[in-house]
Amino acid sequence: QLLAQCLGVPFSSASTMQGSRSRASTPPPRVVREPPGAASSSPNVSQACDTKAVAQRRCTDFCCLLALLGFAACAVQVAIFAVERHDLRKLVRGFDHRGRLCGVGNGTEQQKLLYWCPAGDVLNWASPVCVSLCPEPGSEVLCPGQREVTDEELAQEDGSIVLVRTEKQLLSPQRVLAESQLWMQGYCVPASMKPSAALIEQLQSMLDTSMSGNAAGLFAAGLPQIAMSLAVLVDTPRVICCCIFGAIVLSLLYLLCLHYFAVLFVHFAILGSSIAAAIAGCSLLSLPGASNALGLESVPPAAAEVASSLASALPRVDMTEFPLMNGLHPLLAGSAGAGLLLLALLGVVFLVYSWRSLTVACDCIREACAVIFAMPSLLLLPVFDAALSLTAVLLLATGLPVLLSTAHVESTALLGVTGLFRNFELGFADYGRLATWAFACLWFQEILGTLGHFATAYAVATWYFVPGRNLLLKTRNLPFFPALKGLFFASTCHLGSIARGSFAIALLRFLRWAIFLAEHMLCRKREDHEGSQRRRCSFLSRLCQSLIASLQLWAEFLNEYAYIDIALSSEPYKEAAKRACNLLKSHAAVVALLALISKFLCFAGSVALSVVAGLVTYALAAGHPHLGSLGELSQDLRGSYHRTAVEIKHLEAELQILSPQVVAFMAGVTTLFASRAVLSAVDATARTLLYCLLWDASDGVLDATHVPESFRIFAEAKGLAKPKKLKQIVQ
């Protein structure tokens with residue numbers, strides 16, 4: 001059936017065909033519905049359809065799919081070229097003083113290592129040589145001396161002169177006095193010199209200097225110990241599994257809290273921010289001269305009385321504890337205080353005026369949590385997206401160096417060091433291959449990341465329109481694995497639409513990176529007397545990057561809802577994007593509120609959960625009371641559950657190896673990533689639910705059998721749906 005639809009061949013089946021209703025941003029003419037028991041007069045309506053608002057699948061944007069396959073063929077050709085002509089030795093081997101690549105011909109086939117000869121007590125960084133092994137003390141190495149350049153003029157018969165320049169350099173054997181060691185698998189450096197340790201010490205000194213005297217300095221002081229202890233994590237798999245399990249449990253508990261207390265969290269955040277802004281504003285206005293600078297001494301007595309009562313009701317802050325605040329200009333302090341008070345007032349007015357939209361947005365979050373508990377497979381989709389995106393990033397990270405190794409490489413000196421740094425001579429074809437591979441990886445990354453989003457949209461849309469008067473009945477009537485079905489449709493029927501939407505975002509990302517690289521390659525080289533050309537070039541580059549980043553954010557926001565519309569209507573990307581844009585424009589307030597609330601709850605929840613997990617884990621690990629309890633527990637379980645007792649004993653041994661800082665850091669990081677994955681599923685589900693509501697009510701009637709009461713009130717207040725009694729009369 002799918003093949004027939006793609007090729008445009010008529011296909012009909014009484015058991016599979018299903019009509020899809022066309023939705024618009026404005027209510028269409030009302031269609032009189034037939035009684036539930038009557039037979040359908042339309043042959044395109046399926047009688048056995050449970051999710052009647054979700055259209056039957058058909059192939060969309062087939063031409064874009066062909067373009068994607070064509071570009072994929074070009075990327076494969078670039079990969080084949082890179083595999084056939086790559087030479088990674090150009091990237092890792094060193095160059096000697098003659099510009100020869102060690103181990104790659106010109107008499108250096110057996111000399112793969114680079115060695116800098118000593119010049120007295122220091123190394124001669126300008127004249128390295130290729131060696132087969134790192135020299136030992138007492139051995140001899142041919143080291144280059146000073147170069148001698150002589151010029152000779154040869155007169156010709158026609159009166160012209162030929163200039164012959166001769167360069168001589170003596171290679172004399174030198175005895176090695178100091179022991180050398182292998183560094184980065186290709187360079188020989190003195191054993192007393194530790195480049196990696198020197199780099200860590202320099203980083204530590206920079207952190208100590210920049211973070212001294214604040215809380216971050218504590219972390220900087222323990223950074224080397226944490227870095228060395230992280231290597232031990234490979235030998236502690238049970239601790240890692242416990243941290244992952246605890247992170248998942250905390251994330252699910254937060255999901256349960258959002259299901260019951262999302263409205264309370266949002267209202268408390270708005271009221272708390274308003275109160276904090278009011279306190280800060282009154283504190284700034286209480287500074288000497290701040291009120292007089294704004295002319296508040298001439299306010300009416302009633303307003304002054306209200307202001308004084310508000311200031312007395314709020315807790316006063318002793319401003320002598322903040323010397324910086326006392327040094328503020330009175331006009332600046334008064335303006336900031338008045339602005340904060342106005343912000344607090346706007347917060348209260350916003351809470352009262354947008355109560356209905358806030359309730360709808362919060363109910364979307366609550367319903368999203370219920371949907372995830374009904375379909376736990378939705379929690380696996382962010383992990384699936386992350387794995388596929390990581391695959392594309394790895395392809396980009398490995399493909400670019402391989403392509404660079406196909407170009408001509410020459411040695412270059414930097415900071416007085418020769419042999420370590422290199423310069424790539426790239427032609428037009430080389431730039432084309434690099435650009436093709438980079439854009440292909442970006443495009444494929446966007447496509448792979450969209451598959452999970454489309455699967456979430458399809459599964460949530462199926463849940464929204466499935467019959468059932470409550471959550472339990474809707475869960476029972478759900479089809480088998482709707483998320484897996486959505487993945488199948490995304491990778492078959494709608495791959496062309498997904499490629500079309502992902503192309504715009506990939507192109508914008510590619511342009512941002514191209515402008516960034518152009519800035520570093522061109523703008524940094526423009527140096528005039530005052531540096532004004534460099535500043536202008538950098539300013540224009542960053543301005544262009546900001547504009548492109550804004551366009552990218554809008555394209556990503558629109559694509560999310562366009563894919564939801566495709567999951568509902570099975571229309572091409574162009575029609576779905578237009579319809580989504582019209583719906584978003586018509587209901588911009590509630591859509592923006594949901595986006596802000598969802599991002600706030602996701603960000604604040606992830607940070608709070610990671611901090612709580614880290615602090616609790618550190619308190620348990622630092623006190624060590626749990627170690628004794630684990631030992632006692634393993635002794636109690638030794639008789640009945642020997643395997644469990646052995647695992648607990650091993651867990652106790654692993655906890656004794658690790659420091660409390662490392663365990664707390666690992667628990668915080670795993671909780672952060674796990675909560676971000678869970679809450680990203682909540683965000684996508686909430687957006688899909690809101691769009692399903694707007695899409696469902698676009699014909700004037702809410703067809704879903706179970707929606708929150710706030711949805712119905714919102715739809716009736718906005719004129720999207722008729723009141724409940726009137727709807728029953730019409731039916």
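Numbers here simply count residues along the sequence, with the first being 1. Worth knowing before you read on, the calculation uses all heavy atoms, side chains too, and leaves out hydrogens, waters and symmetry mates.
Crowding of Glu179 atom CD: a count of heavy atoms from other residues, nucleotides or ligands under 6.0 Å not exceeding 12. Other residues, nucleotides and ligands contribute only 12 or fewer heavy atoms inside 6.0 Å of the CZ atom of Phe603. Around the CZ atom of Phe673, the shell of radius 6.0 Å holds no more than 12 heavy atoms that belong to other residues, nucleotides or ligands. Dense packing is recorded around NZ of Lys90, with more than 12 heavy atoms of other residues, nucleotides or ligands lying under 6.0 Å away.
Scanning both residues, Asp683 and Cys602, for their nearest heavy atoms gives CB-SG, 4.3 Å. Taking all atoms of both residues into account, the shortest heavy-atom contact from Gly419 to Ser411 is N-OG, 3.8 Å. Shown here for Gly399 and Trp437, the closest heavy-atom pair between the two residues is CA-NE1, 3.4 Å. Pro382 approaches Ala681 most closely through the heavy-atom pair CG-CB, 4.0 Å. Across every non-hydrogen atom of Ala506 and Trp443, the tightest pair is CB-CA, 3.6 Å. Minimum heavy-atom separation, Leu91 to Pro401: CD1-O, 3.3 Å.
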| said: I'd like to know whether Leu378 forms a side-chain contact (heavy atoms from CB on, under 4.5 Å) with Thr685, so could you lay out the CA-CA distance, the side-chain angles of the two residues, the decisive distance to 0.1 Å, and finally the verdict. | reply: CA-CA 9 Å; Leu378 294 179; Thr685 305; 4.2 Å; yes

| Derivation of the side-chain contact (heavy atoms from CB on, under 4.5 Å) call for Leu672 and Leu609 | CA-CA 7 Å; Leu672 180 64; Leu609 288 178; over 6 Å; no

| Given the rule in the side-chain contact (heavy atoms from CB on, under 4.5 Å) test, do Thr166 and Val149 qualify, once you have shown the distances and angles that lead to the verdict? | CA-CA 6 Å; Thr166 305; Val149 180; over 6 Å; no

| task | For Leu584 and Phe557, run side-chain contact (heavy atoms from CB on, under 4.5 Å): C-alpha distance rounded to whole Å, both residues' side-chain angles, the deciding distance at 0.1 Å, then the answer. | result | CA-CA 10 Å; Leu584 295 180; Phe557 184 77; 3.9 Å; yes

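A donor-acceptor pair under 3.5 Å links the side-chain atoms of Ser491 to the main chain of Phe488, judged by distance alone. In this structure a side-chain-to-backbone donor-acceptor pair under 3.5 Å is missing from Asn106 to Arg100. A donor-acceptor pair under 3.5 Å is formed between the side chain of Ser139 and the backbone N or O of Glu136. Proximity of a side-chain donor or acceptor of Arg500 to a complementary backbone N or O of Cys64 within less than 3.5 Å is not detected. For Asn559 (side chain) and Gly501 (main-chain N/O), a donor-acceptor pair under 3.5 Å exists by modelled atom type. No donor-acceptor pair closer than 3.5 Å links the side chain of Arg57 to the backbone N or O of Thr492. When atom types are taken as modelled, the side chain of Thr108 and the backbone of Gly103 share a donor-acceptor pair closer than 3.5 angstrom. Under a 3.5 Å cut-off, the side chain of Ser570 and the backbone N or O of Ile566 do not form any donor-acceptor pair. In terms of modelled atom types and a separation under 3.5 Å, the side chain of Trp116 and the main chain of Ala126 share no donor-acceptor contact. For Arg422 (side chain) and Thr412 (main-chain N/O), no donor-acceptor pair under 3.5 Å exists by modelled atom type.
Taking the six-membered ring for Trp and the full ring otherwise, His494 and Phe454 have centroids separated by under 6.0 Å. In summary, the aromatic rings of Phe439 and Phe503 are positioned with their centroids under 6.0 Å apart.
Glu519 contributes atom CD, which lies 10.0 Å from atom SG of Cys544 (distance to the nearest 0.5 angstrom). With rounding to the nearest 0.5 angstrom, the CG atom of Leu426 is 11.0 Å from the NE2 atom of His408. Within the model, atoms SG of Cys243 and CD1 of Ile248 stand 11.5 Å from one another, a figure rounded to the nearest 0.5 Å. The SG atom of Cys143 sits 6.5 Å away from atom OH of Tyr115, with the distance rounded to the nearest 0.5 Å. From Ser132, atom OG reaches atom CD of Glu109 across 12.5 Å, with rounding to the nearest 0.5 Å. The line from CD of Gln146 to CD of Gln169 is 8.0 Å long, rounded to the nearest 0.5 Å.
Proximity of Ile447 to Leu68: side-chain heavy atoms (C-beta onward) are separated by under 4.5 Å at one or more points. A heavy-atom distance below 4.5 Å is found between the side chains of Thr406 and Phe81. Annotation: side chain of Val393 is not in contact with side chain of Leu396 (no heavy-atom distance under 4.5 Å). The shortest side-chain heavy-atom distance between Leu101 and Val409 does not fall under the 4.5 Å cut-off. The closest side-chain heavy-atom distance from Arg93 to Lys112 is below 4.5 Å. Within the 4.5 Å cutoff, the side chain of Leu403 has no heavy atoms near those of the His86 side chain. The shortest side-chain heavy-atom distance between Val129 and Val141 falls under the 4.5 Å cut-off. Two residues are said to be in side-chain contact when any heavy atoms from C-beta on lie closer than 4.5 Å; Tyr187 and Leu420 meet this criterion.
The sulfur atoms (SG) of Cys493 and Cys59 lie 2.5 Å or more from each other.
By the ring pair (Phe, Tyr, Trp, His ring centres under 6.0 Å) test, Trp554 pairs with no residue at all, sequence neighbours left out. Looking at residues two or more places apart in sequence or on another chain, you find a salt bridge (Lys or Arg N to Asp or Glu O under 4.0 Å) between Glu167 and Arg147.
Under 3.5 Å, the side chains of Arg512 and Gln552 contain a donor-acceptor pair of N or O atoms. No side-chain N or O of Thr671 forms a donor-acceptor pair with one of Ser610 less than 3.5 Å apart. Side chains of Thr450 and Glu446: no donor on one and acceptor on the other come within 3.5 Å. The closest side-chain donor-acceptor pair between Ser405 and Asp87, if any, does not fall under 3.5 angstrom.
Using a 4.0 Å cut-off between charged nitrogen and carboxylate oxygen, Asp96 and Arg98 do not count as a salt-bridge pair. Salt bridge present: Arg687 and Glu560 bring a charged side-chain N and a carboxylate O closer than 4.0 Å. In this structure, Arg579 does not pair ionically with Glu571, as no charged nitrogen and carboxylate oxygen lie closer than 4.0 Å.
Using the six-membered ring where Trp is involved, Tyr691 and Tyr561 have ring planes that are tilted, between 30° and 60° apart.
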